Number of protein chains: 4
Amino acid sequence: MAAVNKHAKIILAATKVFAKKGFFNSRISDIAKEAKVADGTIYLYFNNKYDILLSIFEEEVGKIFDKTQQLLSEEEDPRRMLEIFTNQHLRQMKKNKNLAEVIQIELRQTNKVIKNYRNNKFSSYINIIAEIIRKGQKQGVFRPDILPDVAKRAFFGALDEVSRVWNVSLETHYTVDEITHQVLSLFLSGILIENPGKH
Amino acid sequence: MAAVNKHAKIILAATKVFAKKGFFNSRISDIAKEAKVADGTIYLYFNNKYDILLSIFEEEVGKIFDKTQQLLSEEEDPRRMLEIFTNQHLRQMKKNKNLAEVIQIELRQTNKVIKNYRNNKFSSYINIIAEIIRKGQKQGVFRPDILPDVAKRAFFGALDEVSRVWNVSLETHYTVDEITHQVLSLFLSGILIENPGKH
Amino acid sequence: MAAVNKHAKIILAATKVFAKKGFFNSRISDIAKEAKVADGTIYLYFNNKYDILLSIFEEEVGKIFDKTQQLLSEEEDPRRMLEIFTNQHLRQMKKNKNLAEVIQIELRQTNKVIKNYRNNKFSSYINIIAEIIRKGQKQGVFRPDILPDVAKRAFFGALDEVSRVWNVSLETHYTVDEITHQVLSLFLSGILIENPGKH
Amino acid sequence: MAAVNKHAKIILAATKVFAKKGFFNSRISDIAKEAKVADGTIYLYFNNKYDILLSIFEEEVGKIFDKTQQLLSEEEDPRRMLEIFTNQHLRQMKKNKNLAEVIQIELRQTNKVIKNYRNNKFSSYINIIAEIIRKGQKQGVFRPDILPDVAKRAFFGALDEVSRVWNVSLETHYTVDEITHQVLSLFLSGILIENPGKH
DNA sequence: CATGAATGAGCGTTCATTCAT
DNA sequence: AATGAATGAACGCTCATTCAT
C-alpha cells in the first residue's frame, strides 16, 4: 500500500470520526481503527492529533475551494456567481456531511490557533464571497453601500447555519435547490415585499 | 457569602474560562481559581463539568431571551422588530464577549446532546426570529414565499458569524450600529440594486 | 436531646451504615443522615471516621462480652458453658445483623491497627472460650492435649463463618438452636461415629 | 516481556499490596510500582481496580482448588481426605501469606458482589469439604446427623481463623503439622474426653 | 515502513474534615 | 452544642505519544 493511500485513508477516517464524536471526544485509536492502521502509524503521517484536524481543513477545504474557483471561472454575472457558490457549498455540505460537521464544529473551537483564519484555505474560501460582491459593485448590480467583508461573513454564516440542520436534526425536508433559492433570494432581494427605499 | 452568589460567581468564571480556552481545554481548577472557590465547591452547585456549560446556556441565553422579548413586546412593526432583535443581539454579544464565545463555540460541539436545540431556551430565542417573520407575512410586509424556519437560521447564522469577529480578530472596526444596519439592510432589501423580479 | 443520646444515635447509625455498605464505602454524610445529625456534629463525638469503627467494636462487643460473662457466671459445667456461649453468640449475631456484619467484615480489614486484637474487648471476648476450655481441662472433662489458644480461634472462626450466612445468602433456613446444636456437637464430640483412639 | 508475564507480575504485586494495606487502602500506583510497570499498563490487563481483586480470587483460589483436588483424587478414606485438605490449606496459607490475607480480608468486604460466593472458584473450594463429609456419611464413618453445608462452613471458618494468626500476630509458634493435628482432632473426635452420648 | 504494548502526565470528581455562624 | 457550606488533598482512570521489535 502506497504511502499516499495511508495518508488519505487516515484523513478520511479522521473526518468521519471527528464528525461523529467531535475533535475532543475522538480518540487516536478510534481513527486508527477506522483507518485500519495501527495507532503508531498515524504518527508517521501526522505530527499530532491536532495536526490531523488542521490537515483536514487545509486539504479538504482546499479541494472545495479549487472546485468552486473552477466553477466560477467561466461565469461573469455576479448574481449567477453567488448562486453557483451557494448551490455548490450547500451541495458539498450535504454530500460530505462528515466534512460539514468538522468545518462547522471544529471551526469554532480548539485552541484559537486556527480561529484567526486569515492566510489559510478557509479564509481564501470565504473571501470568494467578498470578491463576488466587489465584482458586482464594480458592475453596478450590487449596492455600493454593502461592506464586502461584513457581507461575506453574514452570507457564509447564513449558509453554515442553514446547512447544519442536515447533520443534526430531521426537521427539514427541503432539497438543496430549495434552500439555495431561499437563501439566495433573501440575500439578493431581501425579505421586504416593497423596497421603496432602494435606488 | 450567600449561595446564590457562589452560583453566579461560578457561572461567571466558567463563562470567562470557557470563552478563553474552550470547553475541553478548560480545567475545573481553572474555573475554581477564576471564581476564587475551591474545586470541590463547584460540585456543590453543579453536577459535573458539562452541567456548568448547560447552565450557562440555559441561564444566560434565558436572560437575553427575556430581555429581547421585553423589548419587542411594545413593537408591532415587523421591520422594526427585526431591527430591534438584530441590534439587541449584536449589542449583547459585544457587551458580553465571553458569553458570545461560549454560545458560538460550544453550541457546535460537545456530545450532540444540546445540538438538537429544540425544547430549550436557545431554541426559543431563535424562534423569535421565525415569529417576527410570520407576523410580517401576515401583515403583508414580508414576502410570503420565505420559509420562516429556514430564514430564522440564515438570519441567526449571519448575526452569529458577523459577531464572532469581535472576539477573534481585530479586522473590524465597525460599530454595533453600523453592523446592525448592514445586516438588517441585507436581509430586508437584499444586495441587488434593482429587484425587478419582486412581487 | 442529651449528648449521651447523640453519641448512641451515631453509633447505631454507623453500625447500620457500615453493615450495609462496608467501612470504606460508607460516607460520613451517610452516617450523619442516618443519625439525623449534621456531618460536623459527628466530629464532636468522634475524632475521625475510623474512631467510629473502633468505638463500635469496643462498645458493642463490650456489651456482648458483659452479657455473656453474666450468663456464664452462674454456670460451672464447661460443656454447658460452651453451649451457652455458642447459643448466645449466634443469637446476638442473628438479632443484631448489622453488628455481626461489622464484626465479620471490618475485623479483617482497615489498617491493621485493630487486627492485632489483644488488649481490647474483642480479644477478651474470644478469650472467654479459652477460659472455658481451660476450666474443662482442669475438671477433667476436656481433653488435655487440646491447646486452648488454638481451639478458641477454631471455635470462634467456626461460629463466625456459620453466622455469616445469615447476612449474605438465603441458603440456610436453620434456626439458631439447630445451628447451635450442630456446631456444639461437632466441637464436643467430633464428626466420627466411633472414637476408639480417644484417651 | 511477554504479556503473560505482565499479567502475572501485576497479580503478584497486587496480592502483595492488598495483603499489606487492604484493598481500599491500596493505590493503583502502589501496585504499579510494586510490579514495576506504569500505572496505565495495569489497565491493559484489568478493567479496574476491583477486577484485579476478583482476578486474584479466581485465579489463585483456582490454583489451590486444582492442587487440592489432585491431592485428594488418590484418597478414598474421608478421614484422610479431611486431613489432607486441612494440611494442604494451612500449608498454602502459610506459604502464600499474601494470598491468605487477601482471601481472609477481602472475602468479607467490598461491595457484596462476591460475598455470595456461590458459582465461583471459592465456592467450589469450600464445597470440597461438604463432599468429603457426604462421602464419609455414605461410608458410615461420619455421623449422619451432621449437616454438610453447615459443617463445611464451621470447618472452613475454623481453618481460616486459625491461619489468620500467621499474618497478624506473633503469638503462635506452632508448626503447620501441629495446627493440622489440633484442628483435625477437634473436628474428628471433639473436645470431650468421653462421648457417651454418641450414636 | 508498520506495529501496538507500554508509558505517565494529567484531570474530573469525591469526601473526610474544618470552622464561621 | 450544632450546623452544613466550604475546603483541597487525593486517586482511579484515560489516552496522546513513544519506541522496541
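Basis for what follows: all heavy atoms, side chains included, without hydrogens, waters or symmetry-related copies. Remember, predicted model here, so these are calculated numbers, not experimental data. The sequence lines fix the lettering, A, B, ..., with proteins before strands; numbering per chain opens at 1.
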By nearest-nucleotide position on DNA chain F, the 5'-leaning member of Asn48(A) and Asn47(D) is Asn47(D)

Between CG of Asp39(A) and P of dA5(E) the distance, given in whole Å, is 9 Å

Q.
Do Lys49(C) and Tyr43(C) form a cation-pi contact, if we require the NZ or CZ to be under 6.0 Å from the six-membered ring centre and within 45 degrees of the ring's axis?
A. no

Every stem of 3 or more Watson-Crick or G-U pairs under 3.5 Å that DNA chain E joins, in order of first number, is E:2-21 with F:2-21

Would you say a side-chain N or O of Lys6(B) is under 4.0 Å from OP1 or OP2 of dA6(F)? yes

Rounded to whole Å, the CG-P distance (Asp51(C) to dT17(E)) equals 10 Å

DNA chain E nearest-nucleotide lookup for Ser29(B) and Ser29(C): closer to the 5′ end is Ser29(B)

With sequence neighbours left out, the residues meeting salt bridge (Lys or Arg N to Asp or Glu O under 4.0 Å) with Lys16(B) are Glu34(B)

Separation of dA6(F) atom P from Leu44(B) atom CG, nearest Å, is 6 Å

Closest non-hydrogen contact found for Ile52(B) with Ile42(B) is CD1-CG2, 3.7 Å

Exercise. Relative to the ring of Phe24(C), is the ring of Phe24(D) parallel (under 30°), tilted (30 to 60°) or perpendicular (over 60°)?
Worked result: parallel

Asp30(B) CG to dG10(E) C1', in whole Å, measures 12 Å

(Q) Work out how far the P atom of dT21(F) is from that of dC1(E), and round it to whole angstrom. (A) 23 Å

All heavy atoms of Ala35(B) vs all of Lys9(B), minimum pair found to be O-CE, 3.1 Å

To the nearest angstrom, the CD1-P distance between Ile42(B) and dA5(F) comes to 17 Å

| request: Looking at every strand, decide which applies to Ile28(B) at a 4.0 Å heavy-atom threshold: base, sugar-phosphate, or nothing. | output: base

Separation of dC15(F) atom C1' from Ile31(A) atom CD1, nearest Å, is 12 Å

Here the distance between atom P of dA16(E) and atom OH of Tyr43(B), to the nearest Å, is 18 Å

Taking the six-membered ring for Trp and the single ring otherwise, decide whether the centroids of Tyr125(C) and Phe65(C) are under 6.0 Å apart. no

Rounded to whole Å, NZ of Lys36(D) lies from P of dT7(E) at a distance of 13 Å

Distance check: side-chain N/O of Arg27(B) vs OP1/OP2 of dG12(E), anything under 4.0 Å? yes

Looking only at heavy atoms, the pair that brings Lys121(B) and Gly62(B) closest together is CD-CA, 3.8 Å

- Query: Can you tell me if the side-chain N/O atoms of Tyr45(B) get under 4.0 Å from OP1 or OP2 in dA6(F)?
  - Reply: yes

By nearest-heavy-atom nucleotide on DNA chain E, the more 5' of Thr41(D) and Lys49(B) is Thr41(D)

